[in-house]
Undergrad: 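My structure is below; once you've seen it, I'll send some questions.
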Amino acid sequence: MRQLIGIALGCAIGVAALGQPRALPLDNIKLPPGFHTELVARVDSAREMTLGAKGTLFVGSNHAGKVYAVQWRAGAPADVVTVASGLKLPVGVAFHAGALYVSAVDRILRFDDIENRLGNPPKPTVITDRFPKDTHHGWKFIAFGPDGKLYVPVGAPCNICEPDAERYANITRMNPDGTGFEIYARGVRNSVGFAWDPQSKELWFTDNGRDMLGDNTPPDTLNHAPKPGLRFGYPYCHAGKIADPELGRKHACGEFATPAQDLGPHVAALGMRFYTGSQFPAQYRNQIFIAEHGSWNRSKKIGYRVSLVRLDNGKPVSYEPFASGWLQGEIAWGRPADVLVAPDGSLLVSDDLAGAIYRISYTGK
């Protein structure tokens, strides 16, 4: 993406559509030596990101009801254009065969030939409207898998309950035109991020653990689903080993797939990607970056960072902070929501609280 490489020359904040937003304390973001953070653009309520074939960055939103296109020109400010508005929690975006796919709670929309029509976006085609209308865990991260199918999670409509297993707490997939719908994984409370191992092509996903069991229980989890049909325990078992105090007597934890890696309790692990670039040092190649949105119901806040899960032969061997500093004491000025590897090998991070897209690059200096 030629425009994206131009970010390294210093992108200015796009202010035409957003007015004059407050300055952000980027110096507070802590990274390993040799890494640097810069602001790409201000994007209101920025959530999932995806790249178009021509390098356009598309960004969904949580509460703004809009979908944005972000473009760069070398030596010029970033252009932020609204390509859809008035949608219901259009968090998820995915690009396929020249079209932008957008999640809007109960439906998936498709905007055809979008990169050639940014100034005059087409009316969307409804691919499906079969999903529940519940907004509790109703926003959806979406992505196309190596099999060419669109994967769409459906969260539980509650903190803890026994929802209809054919409608809720699962990850589904379908053909790009909405046909061939099937459930890929079950017992998934609320996944807002997934990606495929670039080597094995197998699915990995984050899942948010239930609330109201104390500060430290249960952990959020990183899960591995190498094949369809696996069950991951919700609502009976959490993190593969914690029987739910209300419903756990109905099914033993041993009946379900266990997580690949426990994450922090209540960190709200959202978007995740394998690092497939070449800009970062070799030890980051094919490792997993996770956006941790941050806790909301914990007596001492945690998360609000980008974490790194290191793998060895397809197995997690460590879980550690990579980028932190959005949380200062008990005050958060930003909340990472998604990560995306740019074509130049840098890492983009969306932040729905600050309304921003950041770029993390490595120079070794």
Side-chain angles (χ1 to χ4, degrees), residues 47-48 60 62 87-92 94 101-109 126-143 145 149-174 178-194 203-213 218-223 225 227-240 242-253 255-259 266 268-272 293 296-297:
R47 292 286 291 222
E48 188 181 358
N62 195 13
L87 302 180
K88 189 175 183 180
L89 298 174
V91 165
Y101 288 70
V102 177
S103 67
V105 182
D106 63 328
R107 60 194 58 212
I108 303 295
L109 309 175
V126 178
I127 298 304
T128 183
D129 59 0
R130 67 180 303 148
F131 295 108
K133 296 181 182 296
D134 308 71
T135 56
H136 191 123
H137 299 154
W139 48 87
K140 295 172 174 62
F141 180 104
I142 61 175
K149 294 181 180 291
L150 180 65
Y151 285 66
V152 183
V154 183
C158 55
N159 174 35
I160 190 72
C161 61
E162 286 184 287
D164 181 350
E166 299 303 310
R167 297 273 287 162
Y168 299 96
N170 55 42
I171 297 176
T172 71
R173 66 178 176 181
M174 67 189 79
T179 62
F181 179 89
E182 63 180 330
I183 296 176
Y184 184 86
R186 299 175 185 269
V188 180
R189 180 178 178 271
N190 184 35
S191 178
V192 196
F194 45 85
L203 178 68
W204 293 67
F205 65 92
T206 58
D207 193 14
N208 290 183
R210 70 156 289 180
D211 299 316
M212 308 308 176
L213 289 185
D220 284 4
T221 55
L222 173 66
N223 303 275
K227 61 182 180 180
L230 296 178
R231 301 166 65 208
F232 287 87
Y234 180 86
Y236 311 106
C237 178
H238 309 292
I242 302 169
D244 187 80
E246 300 174 43
L247 300 171
R249 66 186 182 280
K250 295 186 176 184
H251 291 278
C253 285
E255 298 178 36
F256 307 111
T258 57
H266 311 299
L270 302 187
M272 59 152 286
H293 200 228
W296 68 269
N297 68 335

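Note: hydrogens, waters and symmetry copies are ignored here, and every other heavy atom, side chains too, is used.
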Undergrad: Stepwise, does the side-chain contact (heavy atoms from CB on, under 4.5 Å) test hold for V126 with L109?
TA: CA-CA 5 Å; V126 178; L109 309 175; 3.8 Å; yes
Undergrad: For the atom pair CG (D106) and NZ (K140), what is the distance rounded to the nearest 0.5 Å?
TA: 7.5 Å
Undergrad: Walk me through it: do F131 and I108 pass the test side-chain contact (heavy atoms from CB on, under 4.5 Å)?
TA: CA-CA 9 Å; F131 295 108; I108 303 295; 3.9 Å; yes
Undergrad: Please report the closest heavy-atom contact between N190 and G155, naming both atoms and the distance.
TA: OD1-CA, 4.2 Å
Undergrad: Find the distance between CG (N170) and CD (E182) and round it off to the nearest 0.5 Å.
TA: 11.5 Å
Undergrad: Please step through side-chain contact (heavy atoms from CB on, under 4.5 Å) for the pair L89 and N62, ending with a clear verdict.
TA: CA-CA 5 Å; L89 298 174; N62 195 13; 3.6 Å; yes
Undergrad: Starting at CD1 of I142, measure out to OH of Y101 and round the result to the nearest 0.5 Å.
TA: 9.5 Å
Undergrad: Where do R47 and W139 land on the side-chain contact (heavy atoms from CB on, under 4.5 Å) test, with the steps shown first?
TA: CA-CA 10 Å; R47 292 286 291 222; W139 48 87; 3.9 Å; yes
Undergrad: Give the minimum heavy-atom separation between P218 and I242, together with the two atoms involved.
TA: CB-CD1, 3.9 Å
Undergrad: Heavy atoms only: give me the nearest N208-A269 pair and the separation to one decimal.
TA: ND2-O, 2.9 Å
Undergrad: Taking all non-hydrogen atoms of both residues, which atom of C161 and which atom of Y234 are closest, and how far apart?
TA: N-OH, 3.3 Å
Undergrad: Going from CD on E166 to CZ on R186, what distance comes out if it is rounded to the nearest 0.5 angstrom?
TA: 4.0 Å
Undergrad: Can you name the one residue among F232, F194, F141, Y151 that meets ring pair (Phe, Tyr, Trp, His ring centres under 6.0 Å) with F205?
TA: F232
Undergrad: Rounded to the nearest 0.5 Å, how far does CD1 of I160 lie from CG of D211?
TA: 10.0 Å
Undergrad: If I compare all heavy atoms of N159 with all of M212, which pair ends up nearest, and what's the gap?
TA: ND2-CG, 3.9 Å
Undergrad: Quick check for you: to the nearest 0.5 Å, what is the distance between L203 atom CG and I171 atom CD1?
TA: 5.5 Å
Undergrad: Considering all heavy atoms of both residues, which atom of P157 and which atom of D134 are nearest to each other, and what is their separation?
TA: CB-OD2, 3.7 Å
Undergrad: Answer yes when R189 and D207 have at least one side-chain N-carboxylate O distance shorter than 4.0 Å, and no when they do not.
TA: no
Undergrad: Of H251, H238, K250, R249, which is the lone residue that meets side chain to side chain donor-acceptor pair (under 3.5 Å) with D244?
TA: H238
